[in-house]
Structures are given as structure tokens and as C-alpha cells.
Amino acid sequence: MVSTESLLAFAAMSLLVIVIPGPSVLFVIGRALAHGRRTALATVLGNLLGSYVLVIAVAWGLGALVETSAAVFTGVKLAGAAYLVYLGVQAFRHRKDMRAADMAAPTGERRGDLRTVLDGALVGATNPKGIVFFAAVLPQFVNHSAGQVPLQMMELGLIPVAIGLITDTLWGLGASAARSWFARSDRRLSKVGGAGGLAMIGLGVTVAATGRAD
């Protein structure tokens, strides 16, 4: 139902967004630093479930509204682009303020796996970067003339979920295996934050300049 060209283009855009450390990635790293591999992997699962909740919400609600109104689409797209640029600027400006202690969840008794998954789902479902991405970018890769737009969005939404499963798992495993290496170097965290900020600014400009695929 979705063309191969749209799938590949959306996969490339998804990869660009997902590899930029955002709230969900920092949360996974923080849980790994605080509690280790098991908690990190449960958090990854929760994040992905929460992210797909956003896909469903856009597909059956906001996505339909955007589909029927070019003005609404343009407004959502420009608002999303502006917010991405804002997040990028803020990330770059405050890159030296990043601290491992700020990312790590409070230490204490390990929560159950189900509670950890639910925590991750909440973070994933309320992730500003995910909301902006799915609301402003996802509709651009839908073939509106083919119909069944919500199903197309849900199909496309599986792509970032699959990419996120791989990349977030790698972040979590890497952080849990080298937690002391991450925690004692604010300079490393600063570089990650600065690079992520610049990439998000570039993404915002790209979203603003991209039209809707009809």
C-alpha cells in the first residue's frame, strides 16, 4: 500500500531523527547508568510502545485532520519545524550543562519489569520530539490517492519502531557496560548534546522546506 520509495525515504528520515539523542534516549541511558542492562532493555521496550501510541493517535486523529486541510498541514508542519529548531538551539546552548547525574534516575530499590516498561511507555508517549515528528513528518510520506491513510501511517510507523529497537538497545547496552566511563566525563556528554542540537536544527529546516506528498 505504501510505495517502496516512500518507505525508504521515511526510513532515512526516521534514522536521522532517532540517532539524535533525545528525551527517550537519555532516559534509557539514565536507567542503564543507574540500574544496569535489564532495566535499560525494559525501558527500551516501554519507549517503543509509547512511541507507537503516538503513531496510532496521529493516524486516527490528528493525521486525518491534517489530511483534509492544507492549511492545518502547513500549520502543523511549520510549528513542528520551529519546535525542532528550538529544541536544537536549546540543546546546543546548554550542551555544557549536561551531567550524568541529571540523566540518571534516582538510585534505590529496583522496580519490577512491568513498572519499568510502563515508565518507558510514558516517556515515549510524551516525548516532544516524537510528537513533532509523527504529526508533522509522517503525513508527508503517505500516498493520499491510495486511500486508507490511517493504515498507511500505522504501517510506516513500524519503521521508526524497528529502528528504535536497534539503536535504543545499543545505547542501553553500551551505557550499562560502560556506565563509569560515561558518568565521569562531562565533556563527552557536552559533545553529544552539541552534535544532537545541530542535527535537530538541520532537521527542522528540512521539515519546513518539504511539501506534502499527494
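Reckoned from all heavy atoms, side chains included, excluding hydrogens, waters and symmetry mates. Along the sequence shown, residues are numbered consecutively beginning with 1.
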In terms of hydrophobic clusters joined by side-chain contacts under 4.5 Å, are [X] and [Y] together?
{"X": "M13", "Y": "L15", "result": "yes"}
{"X": "V117", "Y": "V161", "result": "no"}
{"X": "I166", "Y": "L16", "result": "no"}
{"X": "L165", "Y": "L158", "result": "yes"}
{"X": "L122", "Y": "L41", "result": "no"}

Taking all heavy atoms of [X] and all of [Y], pick out the closest pair and write down the distance.
{"X": "R38", "Y": "D113", "answer": "NH2-OD2, 2.5 Å"}
{"X": "L54", "Y": "F134", "answer": "CB-CD1, 3.8 Å"}
{"X": "V28", "Y": "D168", "answer": "CG1-O, 3.9 Å"}
{"X": "S14", "Y": "I159", "answer": "OG-CG2, 4.5 Å"}

Taking atom [atom1] of [X] and atom [atom2] of [Y], what is their separation to the nearest 0.5 Å?
{"X": "M153", "Y": "I56", "atom1": "CE", "atom2": "CD1", "value": "13.0 Å"}
{"X": "I18", "Y": "W171", "atom1": "CD1", "atom2": "CH2", "value": "13.0 Å"}
{"X": "Q152", "Y": "L138", "atom1": "CD", "atom2": "CG", "value": "10.0 Å"}

Would you mind reporting whether [Y] and [X] have side-chain heavy atoms less than 4.5 Å apart?
{"X": "W60", "Y": "M154", "answer": "yes"}
{"X": "L173", "Y": "T169", "answer": "yes"}
{"X": "L48", "Y": "Y52", "answer": "no"}
{"X": "T167", "Y": "L170", "answer": "no"}

Practice task
Let me know which of T43, L45, V44 forms a side chain to side chain contact (heavy atoms under 4.5 Å, CB included) with T116.
Solution key: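 In the set T43, L45, V44, the residue that makes a side chain to side chain contact (heavy atoms under 4.5 Å, CB included) with T116 is T43.
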Problem - Aromatic ring proximity, centroids under 6.0 angstrom, F133 and F10 - result: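 Yes - the distance between ring centres of F10 and F133 falls below the 6.0 Å cut-off.
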